[in-house]
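All values below were derived from every heavy atom in this structure, side-chain atoms included, with hydrogens, water molecules and symmetry-related copies excluded.
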Amino acid sequence: QLQASGGGEVQAGGSLRLSCTVSAITFSNDAMAWFRQAPGKERESVASIRWNGGRTLYLDSAVEGRSTISRDNARKMVYLEMNSLKPEDTAVYYCAGGQYMRRNQYDYSYWGQGTQVTVSS
């Protein structure tokens, strides 16, 4: 129900815009989120957004300062724009949807396949 794209390899300091195409029927009522998982680490929430885009939640202030999550309910799209990328941002990025805007991955009921982001120093 979700298709993530936009990943790739970028040098430190660069930018990427990830896109997620959603086909879930309940999309316009659901919170959406971007998670990431680096090798050997647990999956973590990067950013999430309420169904109407009225509120967003980020991993921490450092991520919030260089990231923007947004959504277009008419086009059924979710975006994550990240700037000033760092090698520690390297991970597989997943988009996910669920009823509530939470940081816990288990609160999201449907997931995309992930897109690889590699940041080289």
Under a single-linkage definition using a 4.5 Å side-chain heavy-atom cutoff for Ile, Leu, Val, Met, Phe, Trp and Tyr, are [X] and [Y] assigned to the same hydrophobic cluster?
X: Met77; Y: Met82; value: no
X: Tyr93; Y: Val10; value: yes
X: Leu16; Y: Val119; value: yes
X: Met101; Y: Leu2; value: no
X: Met32; Y: Val92; value: no

*What do you reckon, are the aromatic ring centroids of Tyr79 and Trp34 less than 6.0 Å apart?*
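When the ring centroids of Tyr79 and Trp34 are compared, they turn out to be at least 6.0 Å apart.
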
[atom2] on [Y] to [atom1] on [X], rounded to 0.5 Å:
X: Cys95; Y: Tyr110; atom1: SG; atom2: OH; answer: 9.5 Å
X: Asn29; Y: Gln99; atom1: CG; atom2: CD; answer: 9.5 Å
X: Arg17; Y: Leu80; atom1: CZ; atom2: CG; answer: 10.0 Å
X: Ile69; Y: Tyr58; atom1: CD1; atom2: OH; answer: 6.5 Å
X: Gln1; Y: Lys76; atom1: CD; atom2: NZ; answer: 9.5 Å
X: Ser121; Y: Gln11; atom1: OG; atom2: CD; answer: 9.0 Å

Next item on the list: Take Asp30 and Tyr108, measure what side-chain hydrogen bond (donor to acceptor under 3.5 Å, both in side chains) needs, and give me the verdict at the end.
Entry: CA-CA 9 Å; Asp30 288 342; Tyr108 292 86; over 6 Å; no

*asked:* Can you pull out every side-chain hydrogen bond (donor to acceptor under 3.5 Å, both in side chains) where at least one residue sits in residues 59-73? Sequence neighbours excluded, please.
replied: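 Listed once each, the pairs are Arg66-Asp89, Arg71-Asn73.
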
Report yes if the side chains of Ser5 and Thr115 come closer than 4.5 Å at any heavy-atom pair, otherwise no.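 No, their side chains stay 4.5 Å or more apart.
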
| said: Would you say that Gln37 contacts Glu44 through its side chain, given a criterion of any heavy-atom pair below 4.5 Å between the two side chains? | reply: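 They are not in side-chain contact.
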
Of all heavy-atom pairs between [X] and [Y], which one has the smallest distance, and what is that distance?
X: Ser48; Y: Ala33; answer: CB-CB, 3.7 Å
X: Arg43; Y: Phe35; answer: CG-CB, 3.8 Å
X: Ala38; Y: Ala91; answer: N-CB, 3.8 Å

| said: Go through it in stages, so that I can follow the logic: the residues are Phe27 and Val22, the test is side-chain contact (heavy atoms from CB on, under 4.5 Å), and I'd like the CA-CA distance, side-chain angles, deciding distance and then a yes or no. | reply: CA-CA 7 Å; Phe27 168 73; Val22 186; 3.5 Å; yes

>> side-chain contact (heavy atoms from CB on, under 4.5 Å) for Arg36 and Leu59? Distances and angles first, verdict last.
In response: CA-CA 11 Å; Arg36 67 185 179 189; Leu59 173 64; 3.8 Å; yes

